[in-house]
A.B. asks: 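Here it is, the structure in full.
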There are 4 protein chains.
Amino acid sequence: MPEAPDTEEQAGPAQPRRRQARGERRIAQLLEAAAGVFCRSGYTAASTNAIAREAGVSPGTLYQFFPNKEAIAVELGGRLMQRWRETHGAAFDAIDPSLPLDELLDSVLDPLIEFNCENPAFAVLMHGSEIPGRITEEHDAVHSALLERVERILGDFLPDAAPAELSRIANMTFSSVKGGLELILAHEGTERDAYKVELKTMVQRYLGPLVDAAPEPADARTHTP
Amino acid sequence: MPEAPDTEEQAGPAQPRRRQARGERRIAQLLEAAAGVFCRSGYTAASTNAIAREAGVSPGTLYQFFPNKEAIAVELGGRLMQRWRETHGAAFDAIDPSLPLDELLDSVLDPLIEFNCENPAFAVLMHGSEIPGRITEEHDAVHSALLERVERILGDFLPDAAPAELSRIANMTFSSVKGGLELILAHEGTERDAYKVELKTMVQRYLGPLVDAAPEPADARTHTP
Amino acid sequence: MPEAPDTEEQAGPAQPRRRQARGERRIAQLLEAAAGVFCRSGYTAASTNAIAREAGVSPGTLYQFFPNKEAIAVELGGRLMQRWRETHGAAFDAIDPSLPLDELLDSVLDPLIEFNCENPAFAVLMHGSEIPGRITEEHDAVHSALLERVERILGDFLPDAAPAELSRIANMTFSSVKGGLELILAHEGTERDAYKVELKTMVQRYLGPLVDAAPEPADARTHTP
Amino acid sequence: MPEAPDTEEQAGPAQPRRRQARGERRIAQLLEAAAGVFCRSGYTAASTNAIAREAGVSPGTLYQFFPNKEAIAVELGGRLMQRWRETHGAAFDAIDPSLPLDELLDSVLDPLIEFNCENPAFAVLMHGSEIPGRITEEHDAVHSALLERVERILGDFLPDAAPAELSRIANMTFSSVKGGLELILAHEGTERDAYKVELKTMVQRYLGPLVDAAPEPADARTHTP
DNA sequence: GATGAATGAGGATTCATTCAT
DNA sequence: TATGAATGAATCCTCATTCAT
């Protein structure tokens, strides 16, 4: 994707094509820089000048591609979501609700954890517009998209749950996962691995009874035999 | 801390206090204003001028009582912790480990939830120095104090757990509680109540197996039969 | 002087007397504090709050005795000049112009040096209103008084010199002495002593030829024959 | 120092300079403004806003080129020293120690005086960090560089002097010259000229005996036999 | 497009000074 | 008197954003 060998076409669309190629690189550069700065300082404390500096371009250049600071976060979130969907989206869409919960959670959480470790900015954006006035809610792509996805998955398992209850459970689950991811990212090595396990354990325990109680009256027993 | 009266008089603290009465009121006023602004904008985006304005005083007055912005957060955290201890600390210190988990959690979480609903800034400060360089860790009284308390309580239940494991479980629990509190605060009325229940359920499910497995080989059964 | 045992008189002048006694102590306290702060930070960077703090009183109290910051410097200068006059003024007024120059300089510079070492603020104020707009010239008691004194002494030695020339020589001499005093104060121990000697040597060499050439037709040899 | 172009291009410094031309002009403008403000108010009382205003730019522009107030003084000092070296440095390095003292002093002091009259800020910066905490010593380029130069020149004349003595004499000389320059700048027209002569006379008289007594066993007469 | 200069409002903080008690 | 609270303009400096080249 970053390499579009821009064949010299006639006249009209040639220039834009070349431009867009260079522009794409710039944008990617800027977003990568933004990811770093957001992680280090948080959205509010991150300065567009710092992002431009980190990207090795001038402030003016940054504003040639983004109308303002928020747009950077929005676009970064959009791209990370996109990358997430490309990498793990298929698996997500094809979740098999008949799987035992622990396997299902593994199939969901393992990629999510891995993706967050590789893209720590994802976690930052995942938290969404905690503070009103920062990133407008409707612009908070990552948070709402993931939450919706969680809700949908849960809906498959709990078809009888009222929408409000579903939303509540999804929010609760997602909130815990976000917290767990933060802890995971805050640690390293074996400690990090232990937190990964712990997060999955927690989610399993939380959702286990719900799932067990609901569709399949299987002989599901405790999750840590 | 903001006031060191150091009068070389002999008398008690009565005389010097009269002068400070106004100041004490101002401090309370400023902290209340800070609580509001912190809740609305978060620590980073909160401006001392905004706090002063909200308190109805000039910027200079604010700095008569606090040396800088962080000190405001620290003092606010300190006061909230103090209030928390005064209101619910005794109950916390006297937790009866022989209680069934759900009762124990009620005795811990109900007050915590109530306190957060009454003091929403508590939740803000509870999150601690998410971003390195904001509020210094050692100054992050609320977060570390509560985390330590959680760890201690858990230690009573899991005397055989390794320290690292204990810390992990405490962090995980605390993280989830923080997330849950955020959700509670983000909702109102019956929805808020439902979230309260949900949070307790989640913590119960997470800790239940740990506790059951540990000291008392009682006939404890799952909590959602 | 600081101790006026205020005997209880009738009515009218009793109160003021007592007040003045306490006030005198306060003023002395404040001026001493100001001396310290001026030495440490210079006049511009010295804050009235810092002076009050150093004096152990409140800002309000300071302004009960001085209308503004400049007045503090002016009064401090006045008092130091007063002390200077009381201690060494007599000797100065009774300078014997028939003395050989080196003895005369000793009789002038030795006390001046000693006084400056004991009252470092004197040197600070001696420099006068280097910067227009700080301490108004007419308020710069120390500088102008000392300069005038130097001029008068020199006038005794050089009765034939034109006023402008006299003023020039006085300024030059005074300027060098100020510089030398700064160096003296900047050093300690034997190095300080060496600077004392050096300063006197310099002044002697500067004034020697002038004095020699003037009243007494001695066998003075000049360095620029 | 304020500009690190770091273009990864191959070309010479021609291209990158074109962009900086405006900036270079701004820097010069700002430094000129700073020189004026420093002269009028002194370093401490000079405000960056005042400098920006004097330069006809906004505060932000100033900070695009200088990280803080001290850096302005440092750069100004550096440029003035540079200009000084370019204009008179060669003559200084090629001082002929066999010259008679008065000619030598002329060759040193005349340019110095002239340079100070043309660049009054030089005198301000020459005084160095009189007050601890203002301009850090190591940043006080003008003062230390000139003092060192004086010391070196004197060293040529007094090869047998102990280092401490040399330093003392250099300090004394430099201090007097600074004082004299101040007086020169404080006057105008013929009075200024007269002060110029007076300063040279004073230095000559101070150093004459030292020099005479040292290398050339001339028939020098000292005033303190 | 790219650059870096420019902006000016705003942020934290200080300070001389005044006021209420 | 003395205190300490109060003020608000001014300080240094930053930042999102715009402009000229």
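To find a chain, count down the sequence lines: A is the first, B the second, and so on, and within it residues start at 1.
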A.B. asks: If I take atom CZ in residue D:R53 and atom P in nucleotide F:dC12, what distance separates them, rounded to the nearest angstrom?
C.D. replies: 10 Å
A.B. asks: Could you please name the partner base of F:dA2, counting Watson-Crick and G-U wobble pairs only when both distances are under 3.5 Å?
C.D. replies: E:dT21
A.B. asks: Rounded at 0.5 Å granularity, tell me how far CZ in A:F66 sits from CD1 in A:I27.
C.D. replies: 5.0 Å
A.B. asks: When the distance from CG of A:L62 to P of E:dA5 is rounded to whole Å, what number comes out?
C.D. replies: 17 Å
A.B. asks: To the side chain of C:P59, which of E:dA5, E:dG1, E:dT18 is closest?
C.D. replies: E:dT18
A.B. asks: Please state whether the phosphate of E:dA5, meaning OP1 or OP2, lies under 4.0 angstrom from any side-chain nitrogen or oxygen of D:T61.
C.D. replies: no
A.B. asks: Assign C:A46 to base, sugar-phosphate, or nothing according to its heavy-atom contacts below 4.0 angstrom with the strands shown.
C.D. replies: sugar-phosphate
A.B. asks: For the side chain of B:F65, counting heavy atoms from C-beta on, which of F:dA16, E:dA6, F:dA6 is nearest?
C.D. replies: F:dA6
A.B. asks: Please figure out whether C:N68 or D:G60 has its closest DNA chain E nucleotide nearer the 5' end.
C.D. replies: D:G60
A.B. asks: Measure NZ/C:K69 against P/E:dA16 and give the value in whole Å, please.
C.D. replies: 5 Å
A.B. asks: CD of D:Q29 versus C1' of E:dA5: gap in Å, rounded?
C.D. replies: 12 Å
A.B. asks: Return the value, rounded to whole Å, for the distance between atom CD of B:Q64 and atom C1' of E:dT13.
C.D. replies: 13 Å
A.B. asks: Just to confirm, is there a sub-4.0 Å distance from OP1 or OP2 of F:dA6 to any side-chain nitrogen or oxygen of B:R26?
C.D. replies: yes
A.B. asks: Base, sugar-phosphate or nothing for A:F66? Non-hydrogen atoms, less than 4.0 Å.
C.D. replies: nothing
A.B. asks: Touch check for D:S58, heavy atoms < 4.0 angstrom, all strands: base, sugar-phosphate only, or nothing?
C.D. replies: base
A.B. asks: Figure out the CD1/C1' separation between A:I72 and F:dC15, and round it to whole Å.
C.D. replies: 13 Å
A.B. asks: Base, sugar-phosphate or nothing for C:T48? Non-hydrogen atoms, less than 4.0 Å.
C.D. replies: base
A.B. asks: Report yes or no: does B:Y43 contribute a side-chain atom to a donor-acceptor pair with the main-chain N or O of B:E70 at less than 3.5 Å?
C.D. replies: yes
A.B. asks: Answer yes or no: is there an ion pair linking C:E32 with C:R26, defined by an N-O contact shorter than 4.0 Å?
C.D. replies: no
A.B. asks: Begin with the C-alpha distance, continue with both residues' side-chain angles, and end with the deciding distance and a verdict on salt bridge (charged side-chain N to carboxylate O under 4.0 Å, His left out) for B:K69 and B:E75.
C.D. replies: CA-CA 10 Å; B:K69 194 166 88 162; B:E75 179 68 16; over 6 Å; no
A.B. asks: Tell me: CG of C:N49 to P of F:dA10, nearest whole Å?
C.D. replies: 18 Å
A.B. asks: Ignoring backbone atoms, test whether B:R22 places a side-chain nitrogen or oxygen under 4.0 Å from the OP1 or OP2 oxygen of E:dA20.
C.D. replies: no
A.B. asks: Should A:Y63 be listed as having a side-chain N or O under 4.0 Å from OP1 or OP2 of F:dT18?
C.D. replies: no
A.B. asks: Is there a side-chain polar atom (N or O) of C:S47 under 4.0 Å from OP1 or OP2 of E:dT14?
C.D. replies: no
A.B. asks: Does B:T61 use its side chain to pair, donor to acceptor, with the backbone of B:V57 at less than 3.5 Å?
C.D. replies: no
A.B. asks: What is the distance, to the nearest angstrom, from the CZ atom on D:R25 to the C1' atom on F:dT21?
C.D. replies: 12 Å
A.B. asks: Tell which nucleotide pairs with E:dT13, taking only Watson-Crick or G-U wobble pairs whose two distances are both under 3.5 angstrom.
C.D. replies: F:dA10
A.B. asks: Using every non-hydrogen atom in the two residues, find where D:V37 and D:A46 come nearest and quote the distance to one decimal.
C.D. replies: CG1-CB, 3.6 Å
